[in-house]
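Chain A is the first sequence line, chain B the second, and so forth, proteins listed ahead of strands; every chain is numbered from 1.
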2 protein chains.
Amino acid sequence: MQKAIQNRTIKTRAKLLSAAEAVIQSDGYQALRVEEVVKAAGVAKGTFFAHFNDKDALMEILIGERLNACLDQAEAGTPPKTVPEIIAALEPAHSFMTSERYVFDLLIRYSGATAVADIGPIAYCFERYFRVVMLWLEAADMRKDVSSELLAEGVQAFAIQAMSLRFCALHSATTFTDRLETYLDAWLTPTG
Amino acid sequence: MQKAIQNRTIKTRAKLLSAAEAVIQSDGYQALRVEEVVKAAGVAKGTFFAHFNDKDALMEILIGERLNACLDQAEAGTPPKTVPEIIAALEPAHSFMTSERYVFDLLIRYSGATAVADIGPIAYCFERYFRVVMLWLEAADMRKDVSSELLAEGVQAFAIQAMSLRFCALHSATTFTDRLETYLDAWLTPTG
DNA sequence: ATGAAAAAATGACCACGGTCAATATTAAAT
DNA sequence: ATTTAATATTGACCGTGGTCATTTTTTCAT
């Protein structure tokens with residue numbers, strides 16, 4: 001006997017999500033505690049885990065939302081044609097992705113879907129990032145000896161590398177943007 | 001008044017390390033519990049944290065050791081000259097790095113040193129990986145329009161990308177080796 | 001040998017994510 | 001309106017990483 005989804009379900013879920021957003025707003029993602037969220041939402045702890053498999057699932061949703069907004073912004077502008085333009089267009093996304101060490105680590109951890117069944121919000125965002133970049137590259141004046149798919153995968157790999165090094169004290173001499181530009185010049189318009 | 005380092009210190013540390021190795025040997029890295037390690041080592045829990053800052057610090061040591069052994073192996077052979085040879089030389093390292101999801105995630109998380117002061121075993125391994133590849137590339141017949149440093153950084157970025165996708169159900173059609181070969185061909189010997 | 005100070009080890013304790021049997025609420029069938 | 005079963009909520013409880021005041025052991029100057 002299938003019963004309709006209850007009103008209070010979506011209400012509780014909304015309460016949890018907005019409580020979590022408030023916590024993050026003031027203290028960042030890293031500092032979020034499930035106990036604090038449920039207290040702010042006025043529900044029991046068990047309720048949280050009835051709505052989200054685990055804390056990471058909530059994080060995936062919230063981080064995925066923000067990242068999707070960045071990708072919306074990237075898609076809204078006129079398609080970038082050059083490496084600096086591409087980097088500029090992706091800047092909001094990259095900036096958010098490296099806003100917190102915690103966020104970056106979680107993004108990497110969930111960037112790939114473990115099972116085809118559970119493509120989470122973050123895995124979806126990575127797919128979308130890839131697709132957006134691929135479309136740009138197709139219309140831009142880049143090397144044509146390999147497919148746009150491959151080029152886009154490479155852009156993603158280099159962006160992740162550059163973001164990783166942003167957190168690394170050993171490589172802090174070069175800025176993120178400079179490094180990524182060096183990578184992408186060499187990747188997208190080789191002269192060798 | 002500075003006092004000499006005590007014998008029991010290194011003995012206790014050795015006990016903890018070998019106990020941890022035994023646990024990992026039988027159940028893998030993911031399953032390691034600090035309580036189990038201290039029980040096997042016959043010490044109190046507090047002692048563990050007097051020897052290692054946290055569980056991750058122990059993991060860094062053990063994983064770094066194994067990875068260093070893989071890099072020893074890579075350096076022992078004759079320097080690879082072609083992309084397939086490079087991939088073959090790095091195979092033990094890549095294989096270990098992706099042996100467990102837990103291991104891969106930890107590697108990525110500690111691949112960069114947060115502060116110059118604390119270059120951990122894993123950050124050191126990544127530096128070493130980079131250096132080894134760079135030396136190979138200098139002696140191989142690869143594109144010369146960009147520096148070997150840059151090429152080596154790219155190899156690392158693509159290797160990480162290929163390893164990431166190994167855990168991803170969405171991209172399981174292509175094997176790790178095939179994917180990495182495609183990446184490195186396009187990166188190291190572009191024809192565009 | 002003795003006393004003092006530094007180093008090491010201890011284990012009760014805490015923080016926090018996550019579980020689950022019990023309870024409460026809701027929607028539909030009668 | 002009453003019953004029934006699916007759904008939602010609860011909070012005591014657990015597992016595990018990590019802390020710290022206290023105790024034990026070692027080292028060294030005398």
Side-chain angles (χ1 to χ4, degrees), chain A residues 1-20 23-24 27-63 100-103 105-106 109-110 114 118 120, chain B residues 1-20 23-24 26-63 100-103 105-106 109-110 118 120:
Chain A
M1 191 188 303
Q2 182 76 349
K3 295 204 172 176
I5 188 166
Q6 298 181 11
N7 253 341
R8 60 173 174 167
T9 304
I10 52 179
K11 267 191 183 168
T12 303
R13 187 190 159 93
K15 272 194 292 182
L16 283 167
L17 283 172
S18 69
V23 170
I24 288 162
D27 298 334
Y29 291 89
Q30 159 80 42
L32 184 137
R33 297 286 170 268
V34 172
E35 310 231 25
E36 201 181 347
V37 171
V38 297
K39 200 179 123 192
V43 301
K45 200 191 225 178
T47 303
F48 181 96
F49 294 98
H51 284 262
F52 310 101
N53 275 339
D54 52 24
K55 181 179 158 178
D56 281 357
L58 169 73
M59 287 302 191
E60 268 211 273
I61 292 169
L62 296 176
I63 290 174
E100 277 182 52
R101 180 71 204 239
Y102 176 85
V103 170
D105 287 345
L106 195 134
R109 196 147 23 113
Y110 289 101
T114 315
D118 50 37
Chain B
M1 194 189 299
Q2 183 75 349
K3 297 206 173 174
I5 186 165
Q6 298 180 11
N7 253 341
R8 62 173 174 169
T9 304
I10 52 179
K11 264 190 185 167
T12 303
R13 187 190 159 94
K15 271 194 292 183
L16 284 167
L17 283 171
S18 70
V23 170
I24 289 163
S26 72
D27 298 334
Y29 291 89
Q30 160 81 41
L32 184 137
R33 297 287 171 267
V34 172
E35 310 232 25
E36 201 182 345
V37 172
V38 297
K39 200 179 123 194
V43 300
K45 202 193 227 179
T47 302
F48 181 96
F49 293 98
H51 284 262
F52 310 101
N53 275 338
D54 51 25
K55 181 179 159 177
D56 281 358
L58 170 72
M59 287 301 192
E60 267 210 273
I61 291 168
L62 295 176
I63 290 174
E100 277 183 50
R101 182 69 205 241
Y102 176 85
V103 170
D105 286 345
L106 195 132
R109 198 151 19 124
Y110 290 100
D118 49 39

Q: Provide the closest heavy-atom pair for B/L16 versus B/A41 in the form atom of the first, atom of the second, distance.
A: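 Looks like CD2-CB, 3.9 Å.
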(Q) Ignoring hydrogens, what is the shortest heavy-atom contact between B/I63 and B/L106? Give both atom names and the distance. (A)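 Taking every non-hydrogen atom into account, CD1-CD2, 3.9 Å.
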Check every atom of [options] against the side chain of [X] and return the nucleotide holding the closest atom.
| X | options | answer |
| --- | --- | --- |
| B/I5 | D/dG17, C/dA8, C/dG17 | C/dA8 |
| B/A44 | D/dG18, D/dG11, C/dG11 | C/dG11 |
| A/Q6 | D/dT7, D/dG17, C/dT19 | D/dT7 |
| B/R33 | D/dG18, D/dT16, C/dG18 | D/dT16 |
| A/R8 | C/dT26, D/dG17, C/dG17 | C/dT26 |
| A/T47 | C/dG17, D/dT10, C/dT10 | D/dT10 |
| B/H51 | C/dA27, C/dA9, D/dT16 | C/dA9 |

Indicate, with a heavy-atom threshold strictly under 4.0 Å, whether [X] touches base, sugar-phosphate, or nothing.
| X | value |
| --- | --- |
| A/K45 | base |
| B/T9 | sugar-phosphate |
| A/L32 | sugar-phosphate |

Q) Is the backbone of B/Q30 close enough, under 3.5 Å, to the side chain of B/E100 for a donor and an acceptor to pair up by distance? A)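 Side chain of B/E100 to backbone of B/Q30: a pair is present.
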Q: Apply side chain to side chain contact (heavy atoms under 4.5 Å, CB included) to B/M59 and B/Y110, showing your working.
A: CA-CA 11 Å; B/M59 287 301 192; B/Y110 290 100; over 6 Å; no
Rounding to a whole Å, what distance do you find between [X]:[atom1] and [N]:[atom2]?
| X | N | atom1 | atom2 | result |
| --- | --- | --- | --- | --- |
| A/K15 | D/dA8 | NZ | P | 14 Å |
| B/L58 | D/dG17 | CG | P | 11 Å |
| A/E36 | C/dA15 | CD | P | 14 Å |
| B/R13 | C/dA9 | CZ | P | 12 Å |
| A/D54 | C/dT19 | CG | P | 8 Å |
| A/M59 | C/dC16 | CE | P | 13 Å |
| B/K39 | D/dG15 | NZ | P | 13 Å |
| A/F48 | C/dC20 | CZ | P | 17 Å |

Q. Are B/D105 and B/R101 within salt-bridge range, i.e. N to O under 4.0 Å?
A. yes
Q) Between B/N7 and B/D56, who's closer to the 5' end of DNA chain D by nearest nucleotide? A) B/D56
Q) For B/T12 and C/dA8, is the shortest distance between a side-chain N/O and OP1 or OP2 below 4.0 Å? A)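 So the side chain of B/T12 is outside the cut-off, no N or O lying under 4.0 Å from OP1 or OP2 of C/dA8.
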